[in-house]
Amino acid sequence: MTGTRPIFYVSDGTGITAETIGHSLLTQFNGVDFQTRRIAFVDSIEKAEATVSEIRRAGEANGCRPIVVNTVVDPDINALLAESGALMLDVFAPFISPLEHELGVRREGRVGHAHGMVDFAAYEQRINATNYALTHDDGMDIHYDDADVILVGVSRSGKTPTCLYMALHYGVRAANYPLTDDDLDSAELPKRLRPHRRKLFGLTIDPVRLQKIREERKPNSRYAKLATCQAEVAAAESLFRQEAIPALSTTHTSIEEIAGKVLAHQGIHRHMF
């Protein structure tokens, strides 16, 4: 194998399930260069044929067999996708037969049944939590009485995406507070955070990684200099230790893992929607 390994997440719906499961699988394999692509709403023979053509082209261009993580339920479309020559990983296949046997009912194999299982109260909770995360992003709104958790850390340490992930997937009202130069210079917990100490969770990051992220955002700025990143991270971590704020590094941790660890530590038990 000489090229990048193409990975396709194919679904007759949004493809989020296939992508989430596929991503979890791929993180178990180091040293492989993956090129991922999500193809959603493959719900007709015409769309399946177009998908097959794209998968084949990717295999030829990269000189290796593509891998397809698949959540399509229609057997005819699945049979067509299999003609692409890719390694097919059908997410549902290992579970369907045991469930049919246990329930005594054959699956119907129709698209869109998940929509009939929507919990509209939970959906509204997710929307409200997402709005909360957006209005309480980067200290824009500092009224935290209704917050379930408040993430604290230096700029670009992963606070915003983690808050949005917890809101979208768990309906958690997550706010985040960026530690400014004034906060870090004082070496004390900001006054506005003190009443909410039990809700606080710190995020930190390797300064070298932080410098690369900031350089992409504001090239050649003081904000992106390695010395600045080192000083800010050191001051933030010192503050976390001094104030006994739980914290973790986001350097080599996925958003899913960060969110899971934050919720577990804070004792927030929610099912993923």
Side-chain angles (χ1 to χ4, degrees), residues 1-100 107-118 156 158 160-162 164-165 168-169 209 212-213 215-217 219 250-259 272-273:
M1 184 182 72
T2 58
T4 299
R5 180 58 67 100
I7 309 292
F8 289 88
Y9 305 122
V10 181
S11 176
D12 47 25
T14 63
I16 293 175
T17 299
E19 187 169 15
T20 301
I21 294 173
H23 176 73
S24 297
L25 291 171
L26 297 184
T27 57
Q28 307 303 310
F29 299 91
N30 294 321
V32 182
D33 185 13
F34 296 116
Q35 181 184 66
T36 63
R37 162 101 160 89
R38 173 155 55 104
I39 305 180
F41 304 108
V42 181
D43 52 9
S44 69
I45 294 298
E46 292 74 20
K47 292 178 182 177
E49 290 174 342
T51 300
V52 167
S53 296
E54 183 172 349
I55 294 170
R56 285 175 176 165
R57 287 196 300 271
E60 293 169 359
N62 290 278
C64 56
R65 187 185 188 192
I67 297 172
V68 173
V69 181
N70 171 31
T71 57
V72 173
V73 298
D74 187 300
D76 293 331
I77 292 178
N78 275 325
L80 183 55
L81 291 172
E83 295 178 8
S84 66
L87 171 65
M88 301 295 297
L89 301 179
D90 188 329
V91 171
F92 296 144
F95 307 102
I96 294 299
S97 181
L99 277 171
E100 287 179 335
R107 75 159 180 172
E108 295 186 26
R110 287 189 291 176
V111 180
H113 273 204
H115 298 294
M117 300 177 67
V118 171
R156 314 307 291 179
T160 296
T162 303
L164 288 173
Y165 182 88
L168 283 166
H169 292 276
R209 173 62 179 155
K212 291 179 180 178
I213 295 172
E215 185 66 26
E216 292 178 359
R217 184 175 178 83
T250 64
T251 309
H252 301 295
T253 312
S254 68
I255 296 297
E256 297 91 337
E257 291 175 291
I258 298 168
M272 179 179 282
F273 296 126

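Keep in mind that this is a model prediction, so the values were computed, not measured. Only this structure's heavy atoms are used, side chains among them; waters, hydrogens and symmetry mates stay out.
The salt bridge (Lys or Arg N to Asp or Glu O under 4.0 Å) contacts involving residues 15-31 comprise Glu19-Arg38, where partners must be two or more places apart or lie in separate chains. Here salt bridge (Lys or Arg N to Asp or Glu O under 4.0 Å) pairs that include residues 75-87, with residues two or more places apart or in two chains, number zero. For residues 87-100, every residue pair satisfying the salt bridge (Lys or Arg N to Asp or Glu O under 4.0 Å) rule, not counting sequence neighbours, is listed here: Glu100-Arg106.
Distance check: Phe34 CZ to Thr4 OG1 gives 10.5 Å after rounding to the nearest 0.5 Å. Atom OG of Ser44 and atom CD1 of Ile77 lie 6.5 Å apart (nearest 0.5 Å). In this structure, CD on Glu49 lies 5.5 Å from CG on Leu80, to the nearest 0.5 angstrom. For the atom pair OG1 (Thr36) and CD1 (Ile67), the distance works out to 12.0 Å, reported to the nearest 0.5 Å. Between the CG atom in Asn70 and the OG atom in Ser11 there is a gap of 8.0 Å [rounded to 0.5 Å]. To the nearest 0.5 angstrom, Arg65 atom CZ is 8.5 Å from Arg5 atom CZ.
With Phe8 as reference, Ile39 is the one residue of Leu81, Val69, Ile39, Thr51 to meet the side chain to side chain contact (heavy atoms under 4.5 Å, CB included) rule. Of the residues listed (Asp12, Thr14, Val10), the one engaging Phe41 in a side chain to side chain contact (heavy atoms under 4.5 Å, CB included) is Thr14, and it is the only one.
Between Arg209 and Ile213, some side-chain heavy-atom pair lies under the 4.5 Å cut-off. Glu256 is not listed as a side-chain neighbour of His169, based on a closest heavy-atom distance of 4.5 Å or more. Within the 4.5 Å cutoff, side-chain heavy atoms of Val68 are placed close to those of Ile55. You'll find the side chain of Val91 stays beyond 4.5 Å of the side chain of Leu89, heavy atoms only.
Judged by distance alone, with hydrogens and angles left aside, the side-chain atoms of Thr250 form no donor-acceptor pair with the main-chain N or O of Thr253 at under 3.5 Å.
Minimum heavy-atom separation, Pro6 to Asn62: CG-ND2, 3.7 Å. In terms of heavy-atom proximity, Ile255 sits nearest to Tyr165 at CG2-CB, 3.5 Å. Nearest heavy-atom pair across Ala40 and Gly13 is CB-O, 3.2 Å. The shortest heavy-atom contact between Val42 and Val72 is O-CG2, 4.3 Å. Nearest approach of Thr71 to Ala18, heavy atoms of both residues: CG2-CB, 3.8 Å.
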Show me, pair by pair, the donor-acceptor contacts under 3.5 angstrom made by side chains of residues 21-29, not counting sequence neighbours?
residue : atom : partner : partner atom : Å
Ser24   : OG   : Thr20   : O            : 3.1
Thr27   : OG1  : Ser24   : O            : 2.7
Gln28   : NE2  : Ser24   : O            : 3.3

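By the side chain to side chain donor-acceptor pair (under 3.5 Å) test, Arg57 is found to be paired with no residue, residues two or more places apart in sequence or in another chain being considered. With sequence neighbours excluded, no residue forms a side chain to side chain donor-acceptor pair (under 3.5 Å) with Gln35.
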